[in-house]
Amino acid sequence: MPEGTKRIIQLIPIALATGGLIGACSNVPEENFTTVTLNGNVRMIAGPVPAGKFHFRLYNLEALEGELRHPLEEIEDFESETPEFSHTFEYPLHKGEGLAVHVWLDTDGDGFFCTPEKRIDPSGLSWIGETPSGEVVISIMLSDNCRAANWFYPPTT
């Protein structure tokens, strides 16, 4: 038997094992989306909402399953010039469940969510545990300056 043929025969079990391993690890769920329209408002704990641009980030509240399960898988961002907002997006059903909405208000107009020198941008998070569909109405309270979504969720006990 020629040397090249022997080499190929020796590599066949390795190729089959590698292919099986890749197939077992690539069990990715099929992408599945639903259109959601998010309507709501942003409020302050006390007093009127200051002027500025509102920056929103949408998340799956809980993502994946089993040992890989984790909170706050990012979906997308959007902005609003007013505290009342409406935004339509494609919710990824295959990535998790629930919906979290983080917002921060750019009160100093610098376009950045807080800096070491300026820590005055109020932020807040609101969430729903069920998977959204159709129209969802949510109200978000700006309660803390310079807090990312993971500061608010999961809540500490």
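Residue numbers run from 1 in the order of the sequence given.
- No side-chain donor-acceptor contact under 3.5 Å links Ser80 to the backbone of Phe54.
- No continuous path of hydrophobic side-chain contacts links Leu72 to Trp104 [ILVMFWY only; heavy atoms under 4.5 Å].
- Criterion: ILVMFWY side-chain heavy atoms under 4.5 Å apart, direct or through other members. Under it, Leu58 and Leu61 are not part of a common hydrophobic cluster.
- A distance of 7.5 Å separates NE2 of His87 from CG of Leu38, quoted to the nearest 0.5 Å.
- Using modelled atom types, one finds no donor on one side chain facing an acceptor on the other under 3.5 Å when comparing Glu90 with Thr34.
- Residues Thr107 and Pro122 come closest through the heavy atom pair CG2-CD, 3.6 Å.
- Distance alone, capped at 3.5 Å, places no donor-acceptor pair between the Tyr59 side chain and the Gly98 backbone.
- Between Glu74 and Lys95, none of the side-chain N atoms (NZ, or NE/NH1/NH2) sits under 4.0 Å from a carboxylate O, so this pair counts as no salt bridge.
- In terms of heavy atoms, Gly124 sits closest to Ile140 at C-CG2, 3.9 Å.
- In this structure a side-chain-to-backbone donor-acceptor pair under 3.5 Å is present from Asp106 to Gly111.
- Within a 6.0 Å sphere centred on CZ of Phe112, other residues, nucleotides and ligands contribute 12 heavy atoms or fewer.
- Looking at every heavy atom in both residues, Thr37 comes nearest to Ser86 through CG2-OG, 4.0 Å.
- Under a hydrophobic-cluster definition in which Ile, Leu, Val, Met, Phe, Trp and Tyr are linked whenever side-chain heavy atoms come within less than 4.5 Å, directly or via other members, Met141 and Trp151 are assigned to different clusters.
- Ring planes of Phe56 and Phe78: parallel class, angle under 30° (limits at 30 and 60°).
- With hydrogens and angles ignored, the 3.5 Å screen pairs no side-chain donor or acceptor of His102 with any backbone N or O of Ala100.
- By the rule that hydrophobic residues join a cluster once side-chain heavy atoms approach within less than 4.5 Å of another member, Phe85 and Ile75 end up as members of one cluster.
- Summarising the geometry of Arg57 relative to Asp77, their closest heavy-atom pair is NE-OD1, 2.6 Å, with the distance given to 0.1 Å.
- Across His70 and Glu73, no two heavy atoms sit closer than the pair NE2-OE1, 2.7 Å.
- Considering only residues two or more places apart in sequence or on other chains, Pro71 meets the side chain to side chain contact (heavy atoms under 4.5 Å, CB included) condition with Glu62, Tyr153, Pro154.
- Of the inter-residue distances, the one linking Arg119 atom CZ with Glu117 atom CD reads 10.0 Å to the nearest 0.5 angstrom.
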Give every donor-acceptor pair under 3.5 Å between a side-chain atom in residues 131-139 and any protein atom, sequence neighbours left out.
residue	atom	partner	partner atom	Å
Glu135	OE2	Asn39	ND2	2.9
Ser139	OG	Asn41	OD1	2.9
Ser139	OG	Arg43	NE	2.9
Ser139	OG	Arg43	NH2	3.4

**Message:** Does Glu97 form a side-chain contact (heavy atoms from CB on, under 4.5 Å) with Glu130? I'd like the steps, not just the answer.
**Reply:** CA-CA 7 Å; Glu97 57 196 33; Glu130 63 271 0; over 6 Å; no
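- Residue Asn150 holds its CG atom at 9.5 Å from CG of Leu125, rounded to the nearest 0.5 Å.
- By the rule that hydrophobic residues join a cluster once side-chain heavy atoms approach within less than 4.5 Å of another member, Phe113 and Phe152 end up as members of separate clusters.
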